[in-house]
Amino acid sequence: MKLHPDTNDAYRLLHQGTLALARTEQQGFRVDLEYTTNKISQLEKRIVRLEAKFKETDFYKHWVHSVGEKHPNIYSNAQLARYLYKVKKLEQTTNTDSEKQGSTDEETLLQFGIPELTDLLKIRKLKKIKDTYLSAFVREQVNGYIHTSYNLNLVISYRGSSSSPNLQNIPKRDKETMRIVRKALYPRLGHQLLAMDFKALEVRIATAYHKDPMMMKYNKDPTTDMHGDMAKQIFLIDNFNENIPEHKVLRNATKNGFVFPQFYGDYFVNCAKNLACGWSDLSSTGMWSEGDGISLPEGTLGKHLLSKKIFIKNSSGVKINTTIKNLKVFTEHIKQIESHFWGNRFKVYAHWKETHWSKYQRTGYIDLLTGFRCSGVMSKNACINYPVQGSAFHVLLKALILMDEIIIKEKLKTKIIGQIHDEVIFDVYPPELDYIVDTYRNIACVQVPKLWRWINVPLIVESDYCQVDEPWSELKSYKFS
DNA sequence: GGAACTCGCCAC
DNA sequence: AAACGTGGCGAGTTCC
């Protein structure tokens with residue numbers, strides 16, 4: 001058997017993928033119309049109430065009066081920016097991407113500590129739930145089922161996308177928002193929802209490209225813990241233990257604030273700032289603004305870090321011993337960790353990034369391990385990220401195709417009803433639950449790596465499911481008997 | 001009155 | 001030397 005798929009294989013993957021995703025679209029995701037329409041009118045009333053209250057405030061009256069808007073609109077970021085930065089002359093620390101106005105996003109507004117802005121953010125959030133999600137469900141549903149389009153022809157990196165409605169961005173992290181939106185989505189009567197996703201798929205697929213021995217070890221040896229190791233290093237923890245709640249929080253912050261951003265191509269200044277925001281209440285204290293002599297917040301972690309000493313180079317390049325007393329020192333600390341991360345820990349990975357980039361610069365294209373080719377103008381980060389994102393998604397697509405074939409061949413009553421980059425969503429006929437979980441796990445972790453020998457580390461899938469007739473808000477992790 | 005752009009925010 | 005990847009979508013705004 002050949003080691004690498006070619007263009008024909010790539011074509012076949014998209015062809016079969018299109019057919020399997022067409023069936024997914026046709027099956028549809030059941031929506032509880034009664035709940036959804038009730039919730040919409042409930043939210044509408046609440047929004048009207050909050051809007052009225054907001055318009056009573058001196059803050060709003062001053063805003064409208066001073067800017068002299070013909071059509072005052074509390075949802076207009078342009079109007080808000082004019083008021084905050086031109087009239088009230090608040091310090092404009094960040095601009096929008098196009099540099100046309102000062103930022104009016106959540107992080108920026110919270111840092112001003114103005115109660116009316118906090119209220120405005122709340123109204124914005126409720127309106128987003130109502131208009132972007134719930135209303136879209138009602139608009140798009142046909143006889144109580146949403147038939148989302150899954151596209152294979154739109155994303156530059158060869159990932160898939162979803163639209164009308166987009167089911168790949170349903171709220172998850174904010175628990176309140178998650179519950180309101182996901183309560184609208186149900187399995188068929190007497191069925192239950194099951195979501196199976198790959199664990200750290202992109203990290204594992206990247207390993208097939210760079211073949212870094214340290215990353216191979218992290219991916220192969222379940223007793224190792226990359227995020228834990230990095231948390232230890234960043235927060236100077238002597239006896240790291242994932243079961244200690246505080247350590248767990250720090251491990252999570254490390255994963256989302258350092259490790260993943262580094263893989264995407266971010267650098268130490270942003271990482272340090274984001275990690276700092278994670279534990280201090282930036283909005284009310286402003287303690288982490290740039291500059292000298294600014295202290296750490298009073299929290300436990302602040303005290304913990306203050307008790308630690310690190311070596312950094314001062315402005316004249318001389319090594320000095322200091323405590324992590326402010327953002328400047330912390331940034332220097334993260335800079336050293338970044339340099340160790342790519343210079344020692346993942347040296348081979350770093351080397352691949354350079355050779356891969358220079359090969360693109362010579363040839364004008366990059367090839368994916370799944371038989372696809374990306375060409376055209378690419379930034380360095382894009383050049384490094386596309387092959388990983390694309391072929392990671394192809395692993396999911398391949399597994400989905402094989403699973404779909406089995407469901408058809410064996411006339412199973414369970415249906416595939418969705419796909420989110422590295423996850424398949426099933427509408428399960430309860431007697432088939434264990435069989436579906438075992439079968440998909442076998443396809444994803446055994447069959448796909450057997451077909452694609454270039455996969456050089458184990459693949460792992462995790463399962464979440466709801467009880468019979470429960471909505472998508474009730475997902476719990478699957479327990480094995 | 002609609003097309004195109006901008007901004008913000010949700011997901012992986 | 002420079003500095004976070006991929007999308008969809010709603011609402012506001014600007015332009016023609």
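Computed from a predicted structure; not experimentally measured. A note on names: the letters A, B, ... follow the listed sequences, proteins ahead of strands, and every chain is numbered from 1.
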* Under 6.0 Å between the ring centres of Y360(A) and H356(A)? -> no
* Asked: Which part of the nucleic acid, if any, lies within contact of E106(A), taking any heavy atom under 4.0 Å across all strands shown: a base, the sugar-phosphate backbone alone, or nothing?
  -> sugar-phosphate
* To do: Just call it for S379(A): base, sugar-phosphate, or nothing, with non-hydrogen atoms closer than 4.0 Å on any strand.
  => nothing
Could you list, one pair per line, each protein nitrogen or oxygen that sits under 3.5 Å from a nitrogen or oxygen of nucleotides 11-13 of chain C, together with the distance?
unit_1	atom_1	unit_2	atom_2	d
dA11(C)	OP1	D131(A)	OD2	2.7
dG12(C)	OP1	N73(A)	OD1	3.3
dG12(C)	OP1	N73(A)	ND2	2.6
dG12(C)	O3'	S76(A)	OG	2.9
dT13(C)	OP1	S76(A)	OG	2.2
dT13(C)	OP1	Q79(A)	NE2	3.3

* **Whole-Å distance separating the CZ atom of F258(A) from the P atom of dA3(C)** => 19 Å
* Please tell me which of the listed nucleotides, dG8(C), dC12(B), dC4(C), lies nearest to the side chain of S163(A)? => dG8(C)
* To do: Would you kindly give the CG-to-P distance between L80(A) and dC9(B), to the nearest whole Å?
  => 11 Å
* **Base of dC9(B) paired with side chain of R124(A) (donor-acceptor, under 3.5 Å)** => no
All N/O pairs under 3.5 Å across the protein-nucleotides 1-6 of chain B interface:
none

* Which is true for L201(A) with a 4.0 Å heavy-atom rule: it touches a base, it touches only sugar-phosphate, or it touches nothing? -> nothing
* Asked: Atom CG of L396(A) to atom C1' of dC12(B): distance rounded to whole Å?
  -> 11 Å
* **Interatomic distance, D464(A) CG vs dC12(B) C1' [rounded to whole Å]** => 15 Å
* To do: Give one of base, sugar-phosphate or nothing for F260(A), where a contact means two heavy atoms less than 4.0 Å apart.
  => nothing
* Y386(A) vs dT6(C): side-chain N/O to OP1/OP2 distance below 4.0 Å -> yes
* 5′-ward residue of the pair V155(A)/S164(A) relative to DNA chain C -> V155(A)
* Asked: Taking CD1 from I366(A) and P from dT6(C), how many angstroms apart are they, rounded to a whole number?
  -> 11 Å
* Asked: Do F346(A) and F341(A) have their ring centres less than 6.0 Å from each other?
  -> yes
* Ring centroid separation for Y349(A) and F263(A), is it under 6.0 angstrom? -> yes
* Could you tell me whether the side chain of Q168(A) has a donor or acceptor atom within less than 3.5 Å of a complementary atom in the base of dG7(C)? => no
* Structure fact -> With Y218(A) as partner, the option from T224(A), D229(A), D212(A) fulfilling side chain to side chain donor-acceptor pair (under 3.5 Å) is D229(A)
* Looking at S161(A), does any N or O in its side chain come under 4.0 Å of the phosphate oxygens OP1/OP2 on dG8(C)? -> yes
* To do: Give one of base, sugar-phosphate or nothing for T177(A), where a contact means two heavy atoms less than 4.0 Å apart.
  => nothing
* Asked: Are the charged groups of D367(A) and R373(A) less than 4.0 angstrom apart, N to O?
  -> yes
* To do: Would you please indicate yes or no on a ring centroid separation below 6.0 angstrom for F258(A) and H227(A)?
  => no
* Asked: Is any side-chain nitrogen or oxygen of R139(A) closer than 4.0 Å to OP1 or OP2 of dG10(C)?
  -> yes
* **Nearest-Å distance for atom pair CG/P, residues L167(A) and dG7(C)** => 19 Å
* **Length of the CG-P vector between N381(A) and dA2(C), whole Å** => 14 Å
* Asked: Aromatic ring centroids of H62(A) and Y83(A) under 6.0 Å?
  -> yes
* **Nearest-angstrom distance from the residue atom CD1 of I129(A) to C1' of dC10(B)** => 11 Å
* To do: Quick one: label S103(A) by what it contacts on the DNA or RNA (base, sugar-phosphate, nothing), any heavy atom closer than 4.0 Å.
  => sugar-phosphate
* Asked: Considering only heavy atoms from C-beta outward, does the side chain of M215(A) approach that of V348(A) to under 4.5 Å?
  -> no
* Asked: Counting just side-chain N and O atoms, does R173(A) come under 4.0 Å of either OP1 or OP2 of dA11(B)?
  -> yes
* To do: With heavy atoms under 4.0 Å as the rule, sort I170(A) into base, sugar-phosphate or nothing.
  => sugar-phosphate
* To do: Remember a base hit wins even if backbone is also touched, and classify I156(A) as base, sugar-phosphate or nothing at under 4.0 Å, heavy atoms.
  => sugar-phosphate
* Indicate whether the side chain of T177(A) and that of Y133(A) have a donor and an acceptor atom separated by less than 3.5 Å. => no
* Could you check which of dC4(C), dT6(C), dC9(B) has an atom nearest any side-chain atom of D105(A)? => dC9(B)
* Within the structure shown, what part of the strands sits under 4.0 Å from K172(A) by heavy-atom distance: base, sugar-phosphate, or nothing? -> sugar-phosphate
* To do: Looking at every strand, decide which applies to N169(A) at a 4.0 Å heavy-atom threshold: base, sugar-phosphate, or nothing.
  => base
* Aromatic centroids of W352(A) and Y209(A) separated by under 6.0 Å -> yes
* Asked: Hey, is the main chain of I129(A) close enough, under 3.5 Å, to the side chain of T132(A) for a donor-acceptor pair?
  -> no
